[in-house]
Amino acid sequence: MVEISLTNTRTRTKERFEPIDPKNVRVYACGPTVYDRAHLGNARPVVVFDVLFRLLRHVYGEDAVTYVRNFTDVDDKINARAAETGRPIREITEETIGWYHDDMDALGALRPMHEPRATDYIGQMIAMIEDLIRKGFAYEAEGHVLFDVRKFPEYGKLSGRSLDDMIAGARVEVAPYKRDPMDFVLWKPSTDDQPGWDSPWGYGRPGWHIECSAMSAELLGDVFDIHAGGIDLQFPHHENEIAQSRCAHGTEVMAKTWLHNEMLQVEGKKMSKSLGNFFTVRDLLDQGIPGEVIRFVLLMTHYRKPMDWTAEKVREAESTLRKWRGLTEGIEPAASPAPAVIAALADDLSTAGAIAALHDLARAGDAASLKASAQFIGLLGDTAGDWDNRKSHRVSAALLRLIELRTQSRNLKDYATADAIRDGLGEAGVQIVDAENGPHVQSDVLRLIEWGKRAGLITGLHSKLGAPDHLEYQIYDAISREVLAKIESSGSDQ
RNA sequence: GGUGGGUUGGCGGAGAGGUUACGCACCGGAUUGCAAAUCCGUGAAGACCGGUUCGAUUCCGGUACCCACCUCCA
């Protein structure tokens, strides 16, 4: 049996992972609030914990792992989006969930077994809140129900803070009805135009944190194996979840192991709308960066380190994958992934180590093992990386004509024209490569994007409404026409 | 102010108290009309200051700098 070790944020140590029940290993990951397209930062935990899911299934058996990831579909950001667009909340959340599935599927992430929506668990949340009030951990005040943090001495333990420190550094104004400034909302009143449900405390809606406590208890039990999420959720979200769940259930822990991934940066800076470096997964896919390449880049960096998204990494990932795809084309994958890859992943999910092991396999020429191992972490799949087989979609009449012209020129040893064609296309990152079986086109996605922007074919980054169709085709066609015009005009001069 | 994380060769990024990480880029060679790809090969490192040790990039202490969180956030 492979031994998995994981860095447990709760104990701040790397520990050997031992499931509570090896026949049913239970994992909960905090999912998205569904009001907009998933941005790249949302994708990191999805991909990282997808690898964890795959590893657990490998070690304990396909049917021995229960993986839950929620959708938060009641939230003030959603209300705001509804108010600003005039659309019904349900329509927005449904649409966003559909987008989320599309985008995460494109990254090769397996769907969890359960994807509960908060609004389907309002009853359980109300029951849990009643329980907390009954046990003296929560109180009602002015239509709100609040958790009384002073009743839970271990509050702050997960994030290593003391209540007094937090109060000293707090920058929020404190609602007057709170007994302690750090008390947080379990239930709050709704106005008629806000989503709400009838409750013992009147018409209202749940606070942010209670949903995860209610849903994880319902689907995984009072105590489960792993709770995962971004490090930014450690406080207050996870701290509050722990307080609610442990006090309601009277348990020593909520989850045995807590995993937190570090944040994502873009070109060395925090991704933010104001810096203009904010983009969604869909933006990248639409620009022609394959989901597999995005996945590879996300896996290049260990999950507990801040990861920087750079153009250079995209280029490197693409070239590596192209190489491996060439090496494994038509090869039947081995029966199981290489032990070195499993060993790397078992060591606190070292995806960078696993990639290094894949490089070893590639260098050794073990294509079957490379393919099996890469597929194990969601790479070199038949569909997820469907990006090298799209050549036919890109080829327009103008491009065909150019390729033909160049072949003719080469046959006539008119290398000046032949090279002018290749260099011209090269301007936009479109490359003609002479292989044994004839010329074919390849593209440098980043240069393609750059050229597309300059030519006005790509406008704006944050595409909420989906991409224009065949953006790549348009760029290919545009540069081809440009080069063709140049070649033909210089030809007629002679 | 509080809490947590980081600092490795041109870039990315690992492990291990003493033996080449690895990848990309670069450089040299083979191959190619030229490229691309491929193959072979050479270089190059561990923020700073102390300590422990026969020996530290790897352990301990301190300093500097960077980042995140403390407010919705993966």
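Naming: A, B, ... by sequence-line order, numbering from 1 per chain.
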Sugar-phosphate only, base, or nothing, as touched by A:Arg363 at under 4.0 Å among non-hydrogen atoms: sugar-phosphate
Side-chain donor/acceptor of A:Asn42 to base of B:C73, under 3.5 Å: no
Selection from B:G33, B:C73, B:C24 that lies nearest to any side-chain heavy atom of A:Glu316: B:C24
Check: A:Arg304 side chain, B:G5 base, donor-acceptor under 3.5 Å: no
5′-ward residue of the pair A:His209/A:Met307 relative to RNA chain B: A:Met307
Heavy-atom donor-acceptor pair, A:Gln234 side chain to A:Leu158 backbone, under 3.5 Å: yes
Residue-phosphate contact under 4.0 Å: A:Ser159 side-chain N/O, B:U3 OP1/OP2: no
Minimum-distance nucleotide to A:Val433 side chain [options: B:A74, B:C22, B:A36]: B:A36
OP1 or OP2 of B:U7 under 4.0 Å from side-chain N/O of A:Lys305: yes
Nucleotide B:G6, atom C1' - distance to CD1 of A:Ile231 in whole Å: 13 Å
Touch class at under 4.0 angstrom, heavy-atom based, for A:Thr301 against every strand present: sugar-phosphate
Atom-pair distance (CG on A:Asn240; C1' on B:C72), nearest Å: 14 Å
Conformer about C1'-N of B:G61 - syn within 90° of 0, anti elsewhere: anti
Under-4.0 Å side-chain N/O to phosphate OP1/OP2 contact, A:Lys323 with B:C24: yes
For atom CG of A:Leu233 and atom C1' of B:A68, their distance in whole Å: 13 Å
Who pairs with B:G15 - Watson-Crick or G-U, where each distance is under 3.5 Å: none
A:His39 side chain, from C-beta outward: closest of B:C72, B:A74, B:C24: B:A74
Rounded interatomic separation in angstrom, taking CG from A:Leu425 and P from B:A36: 16 Å
Nearest-Å distance once atom P is located in both B:G6 and B:C60: 12 Å
Assigned partner base of B:A47, Watson-Crick or wobble definition, under 3.5 Å: B:U63
Span that lies between the C1' atom of B:C59 and that of B:G18, in whole angstrom: 14 Å
Nearest atoms (heavy-atom pairs only) where A:Gly108 meets A:Asp50: O-OD2, 3.6 Å
Donor-acceptor contact below 3.5 Å, side chain A:Arg295 vs main chain A:Ile377: yes
Sugar-phosphate only, base, or nothing, as touched by A:Arg69 at under 4.0 Å among non-hydrogen atoms: nothing
Listed nucleotide nearest any side-chain atom of A:Ala356, set B:A68, B:C72, B:C22: B:C22
Nucleotide B:A74, atom P - distance to CG of A:Asp103 in whole Å: 15 Å
Whole-Å C1' distance, B:G10 and B:U53: 34 Å
hbond_proxy A:Asp308 side chain to B:G12 base (donor-acceptor, 3.5 Å cutoff): no
No-H, no-angle donor-acceptor pair, A:Arg44 side chain to B:A74 base, under 3.5 Å: no
Heavy-atom closest contact (A:Arg44 atom, A:Thr301 atom, distance): NH1-O, 4.0 Å
B:C48 versus B:A56 - spacing of their P atoms, nearest Å: 15 Å
Out of B:G33, B:A25, B:A74, whichever nucleotide has its closest atom nearest the side chain of A:Tyr415: B:G33
A:Asp434 side chain, from C-beta outward: closest of B:G33, B:C72, B:A74: B:G33
Between B:U63 and B:U7 - C1' atom distance, rounded Å: 13 Å
Nucleotide B:C73, atom P - distance to CD1 of A:Ile78 in whole Å: 11 Å
Sugar-phosphate only, base, or nothing, as touched by A:Gly41 at under 4.0 Å among non-hydrogen atoms: base
Rounded distance in Å - CZ (A:Phe235) to C1' (B:U71): 10 Å
Touch class at under 4.0 angstrom, heavy-atom based, for A:Met300 against every strand present: sugar-phosphate
Shortest non-hydrogen contact between A:Ser409 and A:Ala418, atoms and distance: CB-N, 4.0 Å
Selected nucleotide, minimal atom distance to A:His359 side chain, candidates B:G23, B:G33, B:C70: B:G23
Sugar-phosphate, base or nothing in reach of A:Asp76, heavy atoms under 4.0 Å: nothing
Check: A:Glu241 main-chain N/O paired with A:Ser213 side-chain donor or acceptor under 3.5 Å: yes
Mate of B:A68 where both pairing distances stay under 3.5 Å, Watson-Crick or G-U: B:U3
Length of the line joining A:Asn8:CG and B:G4:C1', which is rounded to integer Å: 15 Å
Partner residues of A:Arg87 under the salt bridge (charged side-chain N to carboxylate O under 4.0 Å, His left out) criterion, sequence neighbours left out: A:Glu91, A:Glu95
Closest to the A:Asp419 side chain, choosing from B:C34, B:G13, B:C72: B:C34
Selected nucleotide, minimal atom distance to A:Glu262 side chain, candidates B:G5, B:C22, B:C73: B:G5
Gap in Å between the two C1' atoms, one belonging to B:U58 and one to B:A47, rounded: 16 Å
Who pairs with B:A25 - Watson-Crick or G-U, where each distance is under 3.5 Å: none
Polar side-chain contact A:Arg315-B:C24 base: donor and acceptor under 3.5 Å: no
Proximal nucleotide (of B:A14, B:C73, B:G33) relative to the A:Trp208 side chain: B:C73
Which residue lies more 5' along RNA chain B, comparing A:Thr320 with A:Gln234 via nearest heavy atoms: A:Gln234
B:U38 to B:C24 separation - P atoms, rounded to the nearest Å: 8 Å
Aromatic ring pairing A:Phe224/A:Tyr28, orientation class (parallel under 30°, perpendicular over 60°, tilted between): tilted
C1' gap between B:C70 and B:G51, integer Å: 35 Å
Short side-chain to backbone donor-acceptor contact, A:Glu115 and A:Arg69, under 3.5 Å: no
Ring geometry between A:Phe152 and A:Tyr155 (parallel below 30°, tilted from 30 to 60°, perpendicular above 60°): perpendicular
